[in-house]
Amino acid sequence: MDEKYFAKKIEQKWQRKWADSGAFHAEIDENRPKFFQLEMLPYPSGNLHMGHVRNYSAGDALAWYKRLRGFNVLHPFGWDSFGQPAEDAAVKRGVNPREWTEENIILMRGQLERMGFSYDWRRQMAAHRPEYYKFDQWFFLKMYEMGLAYKRQTQVNWCEHDQATLSNEQASGGLCWRCGNPVTKKDLEQWFLRTTAYTDQLLDDMADIADGWPQNVLKRQSDWIGRSEGAFVEFRVSGSEFRVKGDELSLVKVFTTRIDTIYGANAVVIAPEHPVIQAHRASFSTHLIARIDAIIAENLKPKDHEVEIEKDGIDTGLKAVNPFSGEDLPVWVGNYVMMDYGTGAVMSVPAHDERDFEFAKRFDLPIQTVIEPQINADGHGSDEAFTEYGVLVDSGEWTGKTSDVAKREMTAHAAANGFGEAATTYRLRDWGISRQRFWGSPIPIVYCDKCGVVPEKFENLPILLPENAPITGTGESPLAKVPEFYETTCPNCDEPAKRETDTMDTFVDSSWYYFRYTDAANEILPFDPQKAAYWTPVDQYIGGDDHAIMHLIYARFWTKVLRDLGLVKFDEPFKRLLTQGMVVGETFFDDERGKRVYYVPGNVTVTRDAKGKITGVVSTNGKPLKYAIERMSKSKGNGVDPDEMVDIYGADAARLFVMFAAPIENELVWNEAGIEGAVRFLQRVWRLVYKWQEAVSGKQLAVSGQEASASARKLRQKTHQTIKRVGDSFDSLQFNTPVAALMELSNAIGDFGAEPENADENYIFAIREALTSLTLMLTPFAPHTAEELFAMLVGNEEGMLAHGARFPEYNEELAKTDEIEIPVQVNGKLRSRVMASPETPNEELEKMALADEKVREYTDGREIVKVIVVPKRLVNIVIKN
RNA sequence: GCCGAGGUGGCGAAAUUGGUAGACGCACUAGUCUUAGGAACUAGCGUCGAAAGACGUGCGAGUUCGAGUCUCGCCCUCGGCACCA
């Protein structure tokens, strides 16, 4: 053994040993409990960044912990390798997307291996390989059979910058999720997956995972699905001059969650795209048509959400009858009513809805109060809408009833009279998966002049991407320019036909990849249901919370489809989810010429005020700079290269530090200095083992707890207390606190100060227990170092898993301290401390406290009102002042 | 605007869930050893104070023997959503 700790030597040695022995290969074993540890798969950009390192370090720590707890652990890795950047590289540098992607995978896998993550690489999947995307197509055909995949003409979210269509999730906020540019609309024939067939399940099954998922992720998903319960109510369009044939066009159906406010409706407001407009267009004035078209055009413009959109609209001149009151209401077009939510029409109740209130104020429409607060308080003036529940007024036969009751009764009334019904609407839309892109899984559909839209035959899968296609980054799919690809024959009639040239959204790949790990080489099925039944569902999933909505909703949807296909027997794919915070870096830049120029942190001088706040940043040449904390990336000049970290400090130190530096769910501001602390700690442990190695290794030691020296007993206490703390931390997914506990233990081992030469057998036993426990508990954070130390302590070279090593066993008896410090307070203020055995009875503690010299300074001559004794905790003496 | 999370030393953070606030680490200060050290070790390190002690977990109130933790009101920061009827 070297006296000094050489990270590189140890790390290379154990990485080779693990690979050679297949240490992390997982096989089905019915006799052992399984644990499926999964981290979100990365896009193979070619560079590992610290965000990845943080994610995989946490996952690897849990994988190791579970192995040491005796679990059969599946810990796989794969690549989300279809997608935009490969095409960007093709456009910019003329590279072949396939070659570029494969090269990146090799590069990144090398980086991951140098970090020493414990993956079963035999199960590696990559979305862009035909053996994987074949089953994207397989699933598509299954969903087509089930009626879950369909095509329709639609206005899609379109990103002009990326020349790509986007799902609602990807266009949320009106900005492209990838490039951040504004999203516009475009008409296209698109393929959809019917996620809305599962809205209720997606919502209701959250109850099953409520314990294991972060609250805020569940909340965001349920907001996104946006179920709202209310009623449809039909308003008949009146006014003879506008009457048209066909009942459906003379009706405007509105959706409302507040049918109890219907007597306060002052208008029916419809979306500018509403079919009623089309039906009546011929009778509209040119001015009216121009205004409506202007509103449509305005709505299509990208929206800046910082600025509130001003209400706009126009009276169509049409009238609609309120079926409850019989009143004739004007029909308005409003820019705030959206065609794709609810029915595209609302009843406007300005007294009780903020938007309607604003609209009515803008256009001088009447405002009629029909709900009053239940508890008499005439506080609601005319300057705002009263949107709470209350008691109805001026509402016909429902006057005097509460909102709750009225809602129920009025809905029933509408249904009974045929002008309405209870209804639920959702915000969630079907998932548009068509992309006019090359680097994705081709949609297995053929268009035949004779047979129409024909699904491919299963035996023809995979529909292979061509080797080459003219990738320009714009316009229609590159596949539409490759006749060898799109010219085919109809699977139905064998006549010449054309293939679909759209490819699938890459979120399709990540919706089911974790199942593929259970049976990665299957050529017939996406996976063998029996193998999946052993390994899935995923026990622990770890990734960034930027995927809280899109990826996680799609994956949950996909799992429900798998269940309905009979491939799995559960509803939810991920039992537990951990969302880790971003790794961010300090960025220093100047903004001259509108272009950001970045500076490396070392080349700047930072001045701080007395409170530590940064007051100014100056570059070495004296130029004042701007300062920001931003997500790490190479282009921003604040990136850290994991390879460089490994080179300088070692993989173990980098991993240990990234786990220790902050709670996993917090944002982590990368600070290079901290990592040296991790190196120091590993060196300290190394020196301890080096010092004691000879004394403790390979010896049979007889222990007799009774006669053991105080220091030996104390060391065992600390060891067992640490075992408890570290185990509990892992079980509650904390990674920073167990590292602190291990540091404390190593400090304690050092502090006892005995030397191997003069230590007795009991002490050596205690030291061996402490060092072995410390080593085993260190494994999840610093596996290479731990393997090496374990080999030294136990005298084997086969690796701790092959050796059958287990997480140290906690012994409550040994963890008990024989004397504890009991703080003594007088009137809640700490005045003294007394030493006592934890078993000391309360009366005894009270006596000791009252007798304490320091305490008596405060109590002498005062009346003692009472004494509170909390066993093992404290004594508080209450005196009269 | 709505929803969510959070405000603890110079910094990252702990705190057995109502019981010694600041564990552990970074940075810093002094010292030991050393030819040297960006090594190791020792000591110190919330604020004020010579000390005794007082004060101290965003601000203000409250409950309690006792509050970082519970309740109410306010301020601030970060994240998400955004005319969803």
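All heavy atoms count here, side chains included; hydrogens, waters and symmetry mates do not. Every chain is numbered from 1, with letters handed out A, B, ... down the list of sequences.
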Fill in: Sugar-phosphate, base or nothing in reach of Met347(A), heavy atoms under 4.0 Å
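Counting heavy atoms under 4.0 Å across all strands, no contact is made by Met347(A).
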What nucleotide among [options] has an atom nearest to a side-chain atom of [X]?
X: Tyr341(A); options: rA85(B), rG19(B), rA82(B); answer: rA85(B)
X: Glu821(A); options: rU20(B), rC83(B), rA85(B); answer: rU20(B)
X: Ile868(A); options: rC65(B), rA85(B), rC81(B); answer: rC65(B)
X: Arg873(A); options: rA14(B), rG19(B), rA85(B); answer: rG19(B)

Phosphate contact ([N] OP1 or OP2) by [X] side-chain N/O below 4.0 Å:
X: Arg355(A); N: rC84(B); result: yes
X: Ser228(A); N: rA85(B); result: yes
X: Lys829(A); N: rA54(B); result: no

Worksheet entry | Closest-nucleotide ordering on RNA chain B, the 5'-leading residue of Val870(A) and Lys866(A) |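 Looking at the nearest nucleotide for each, Val870(A) comes out on the 5' side.
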Fill in: Non-hydrogen atoms of Met645(A) and Ile675(A) that approach each other most closely
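Nearest heavy atoms, Met645(A) then Ile675(A): SD-CD1, 4.0 Å.
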Rounding to the closest angstrom, what is the interatomic distance between [N] and [M] at atom [atom1]?
N: rA82(B); M: rC11(B); atom1: P; value: 36 Å
N: rU64(B); M: rA27(B); atom1: C1'; value: 40 Å
N: rG18(B); M: rC28(B); atom1: P; value: 39 Å
N: rA14(B); M: rU20(B); atom1: C1'; value: 14 Å
N: rU63(B); M: rU71(B); atom1: P; value: 15 Å
N: rG9(B); M: rG44(B); atom1: C1'; value: 15 Å
N: rG25(B); M: rG37(B); atom1: C1'; value: 23 Å
N: rC59(B); M: rA67(B); atom1: P; value: 15 Å

Worksheet, complete the sentence: In B/S/- notation (B base, S sugar-phosphate only, - none; protein heavy atoms under 4.0 Å), nucleotides 21-34 of chain B written 5' to 3' is --BBSSS-------
Worksheet item: Do the side chain of Arg831(A) and the base of rU20(B) come within less than 3.5 angstrom through a donor-acceptor pair of N or O atoms?
Response: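 Donor-acceptor pair under 3.5 Å: no.
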Sidechain N-carboxylate O distance under 4.0 Å for [X], [Y]:
X: Asp353(A); Y: Arg258(A); value: no
X: Arg227(A); Y: Asp200(A); value: yes
X: Asp852(A); Y: Arg831(A); value: no

Worksheet item: CG of Asn827(A) versus P of rA67(B): gap in Å, rounded?
Response: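 Spelled out: CG on Asn827(A) to P on rA67(B) is 11 Å.
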Contact list (N/O, under 3.5 angstrom) for nucleotides 1-8 of chain B vs protein:
unit_1 : atom_1 : unit_2    : atom_2 : d
rC3(B) : O2'    : Lys219(A) : NZ     : 3.2

Discussion item. Within the supplied structure, the quantity of interest is the number of heavy atoms (other residues, nucleotides, ligands) at a distance under 6.0 Å from Arg856(A) CZ; does it exceed 12?
Written reply: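 Not buried by this count: 12 neighbours or fewer within 6.0 Å.
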Worksheet item: CD of Glu354(A): more than 12 outside heavy atoms within 6.0 angstrom?
Response: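 No, not enclosed.
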Discussion item. If we check ring pair (Phe, Tyr, Trp, His ring centres under 6.0 Å) with Tyr5(A), which of these qualifies: Phe681(A), Trp686(A), Tyr690(A)?
Written reply: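 The ring pair (Phe, Tyr, Trp, His ring centres under 6.0 Å) with Tyr5(A) is passed solely by Trp686(A) among Phe681(A), Trp686(A), Tyr690(A).
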Worksheet item: Across all strands shown, which nucleotide pairs with rU69(B) by Watson-Crick or G-U wobble geometry, both distances under 3.5 Å?
Response: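 Check on rU69(B): unpaired, no WC or wobble geometry under 3.5 Å.
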What are the atom names and distances for every N/O pair under 3.5 Å that joins the protein to nucleotides 49-51 of chain B?
none

Item to complete: With the side chain counted from C-beta on, respond yes when Lys361(A) and Lys311(A) share a heavy-atom pair under 4.5 Å apart, and no when they do not.
Response: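 Of all side-chain heavy-atom pairs linking Lys311(A) with Lys361(A), none is under 4.5 Å.
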